[in-house]
Amino acid sequence: MYFLSLAAPAAHGEAAGGAAFPPFDPWHFPSQLFWLAILFGALYLALSRFILPKLGGVIESREDTIADSLDEAARLNEQSKEAKQQQDLALAEARAKARETADKARAKVEAEIAAETAKVDGELAERLAEAESRIQTMRTEAMSNVEQIATNATQAMLGRLGIAVNEAEARQAVARNTQQEG
Amino acid sequence: MNLSFHQMADPMHQFEVQKLFDLQVAGFDLSFTNAAFYMLVSVALIIIFFGLAASRGKLIPSRSQSIAEIGYGFVANMVRSTAGEEGLKFFPFVFTLFFFVFFANMIGMVPYAFTTTSHLVVTGALALLVISIVIVYGLFKNGLKFFKLFAPSGAPFLIYFLLVPIEVVSFIARPITLALRLFANMLAGHIMLKLFATFAAQLFAAAIAGTALLGVVGVLAFTMGVALNALELLVAGLQAYIFAILTCVYLNDALHPSH
């Protein structure tokens with residue numbers, strides 16, 4: 001019974017008196033066209049005049065913002081690179097300057113040390129020479145004293161033995177002996 | 001009970017136009033019908049959806065604004081890729097056309113809703129509008145060079161006797177196929193949906209009434225109905241896309257008639 005009803009619709013449509021196929025029923029054509037024209041026209045106006053320009057503007061402004069931000073980021077990146085370069089430069093300069101200062105200081109100290117050493121050496125040599133010359137004079141003095149003492153001692157010893165010699169003879173004898181030895 | 005069931009089961013019933021308010025102007029019946037009502041619904045939905053997205057216009061879009069902007073970009077790309085940068089002057093028209101058809105098709109997928117685009121008058125009017133714009137703008141912009149469209153350059157002279165009639169016929173066929181494709185797809189799809197749905201309902205009723213075996217067939221019909229629903233959703237989107245992209249292709253001919 002329910003199966004039979006599947007075939008029924010067509011019969012029902014015809015029985016109702018209207019056309020069997022609603023889309024081709026012409027009574028509603030003017031109404032359809034009229035409302036389509038009004039509604040489609042209204043939609044076109046609303047979209048093209050107000051909505052789409054605004055939506056496009058929003059999308060464009062977003063793209064602009066993104067592009068601007070990217071530009072800004074690139075600029076800042078560039079700036080930071082530059083700053084780093086400058087810092088490296090400054091660092092290298094400072095390092096060179098420090099080295100230079102250190103070298104200068106070292107050179108100065110070395111020169112001072114050399115000068116001092118030279119001065120001290122000179123003094124020492126002077127004093128040494130002085131001392132040596134003093135020793136020399138003392139030695140020659142002492143040597144001459146020794147000869148005198150030896151002459152005197154020879155005179156004295158010979159006097160004790162009862163041989164009188166004068167001073168010049170005694171000196172001669174001493175000189176002879178010391179020269180033989182020397 | 002049987003009579004009302006007939007009405008419910010009639011697969012053509014969903015396409016019937018019924019008057020909601022009577023309106024007669026100069027001998028024309030311009031009544032506000034259910035067809036006009038659903039047209040109004042889709043137009044209102046489009047304006048609300050895109051209007052809200054545009055009026056909020058946030059830099060970081062909400063979900064709905066994002067979808068609206070994707071729709072904008074989708075249609076803009078479609079116009080740009082088929083009709084070139086000059087085609088963008090028709091962007092609002094193609095946008096209106098695409099979303100009008102898309103929303104009408106999608107609203108048609110709601111059970112008991114009327115499918116505006118299942119009427120040849122509507123699709124035919126839209127197709128005629130498209131082809132009128134193509135002809136008027138093509139003649140306005142290119143003058144008589146527009147007719148180069150029917151005689152592509154580079155063919156041997158004798159071939160033109162064959163080529164020109166073919167091109168003319170294919171040009172005349174454009175609005176007809178444009179209108180029929182959308183109309184037939186929506187009509188056939190909705191008839192199929194209705195048939196499988198009522199078939200399943202009747203089989204289940206028969207099963208409850210005692211013939212248990214029919215219930216098994218009912219499940220099959222129901223499954224088929226669900227699958228057809230998915231297919232029809234695809235068709236609803238696809239046909240709107242096809243309508244819009246063919247419009248772009250035809251507009252491209254008006255912009256650049258010498259191929």
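So that the names make sense, note that chain A is the first sequence line, chain B the second, and so on, each numbered from 1.
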Taking CG in B/Leu213 as the centre, count heavy atoms belonging to other residues, nucleotides or ligands within less than 6.0 Å. Is the count above 12? no
When B/Gly51, B/Gly73, B/Ala44, B/Ala76 are compared by non-hydrogen pairs under 4.5 Å with chain A, the top option: B/Gly51
Applying a heavy-atom distance below 4.5 Å, give me the residues of [range] that approach chain A, sorted by number.
{"range": "residues 117-126 of chain B", "result": "B/Ser118, B/His119, B/Leu120, B/Val121, B/Val122, B/Ala125, B/Leu126"}
{"range": "residues 60-68 of chain B", "result": "B/Pro61, B/Gln65, B/Ala68"}
{"range": "residues 94-105 of chain B", "result": "B/Phe95, B/Thr96, B/Leu97, B/Phe100"}

So do the side chains of B/Gln18 and B/Thr33 get within less than 4.5 Å of each other, counting heavy atoms only? no
Can you confirm whether A/Gln85 sits close enough to A/Asp88 that some side-chain heavy atom of one is under 4.5 Å from a side-chain heavy atom of the other? no
Contact part of A/Leu47 toward chain B, heavy-atom cut-off under 4.5 Å: side chain, backbone, both or neither? side chain
At a 4.5 Å cut-off on heavy atoms, which part of A/Phe40 comes close to chain B: side chain, backbone, both, or neither? both
Nearest heavy-atom pair of B/Ser31 and B/Gln24: which atoms, and what distance? OG-NE2, 4.4 Å
For B/Phe199 and B/Ala221 the tightest heavy-atom approach is CD2-CB, 3.8 Å
Taking the six-membered ring where the residue is Trp, are the ring centres of [X] and [Y] under 6.0 Å apart?
{"X": "B/Phe183", "Y": "A/Phe24", "result": "yes"}
{"X": "B/Phe90", "Y": "B/Tyr137", "result": "yes"}
{"X": "B/Tyr241", "Y": "B/Phe74", "result": "yes"}
{"X": "B/Phe91", "Y": "B/Tyr72", "result": "yes"}

Under a 4.5 Å cutoff for heavy-atom pairs, which residue among A/Phe50, A/Trp35, A/Tyr44 has the most contacts with chain B? A/Trp35
Heaviest contributor of heavy-atom pairs below 4.5 Å to chain B, chosen from A/Val58, A/Leu55, A/Leu33, is A/Leu55
N/O donor-acceptor pair under 3.5 Å between A/His28 side chain and B/Asp29 backbone: no
Any sub-3.5 Å donor-acceptor pair from B/Asn34's side-chain atoms to B/Glu16's backbone N or O? yes
Geometric class of the B/Phe15/B/His190 ring pair [parallel <30°, tilted 30-60°, perpendicular >60°]: perpendicular
Tell me yes or no: between the side chains of A/Gln148 and A/Glu167, is some donor less than 3.5 Å from an acceptor? yes
Contacts of type salt bridge (charged side-chain N to carboxylate O under 4.0 Å, His left out), residue B/Arg80, not counting sequence neighbours: B/Glu85
Quick test of your reading of the model: are A/Arg75 and A/Glu72 salt-bridged, counting only N-O distances below 4.0 Å? yes
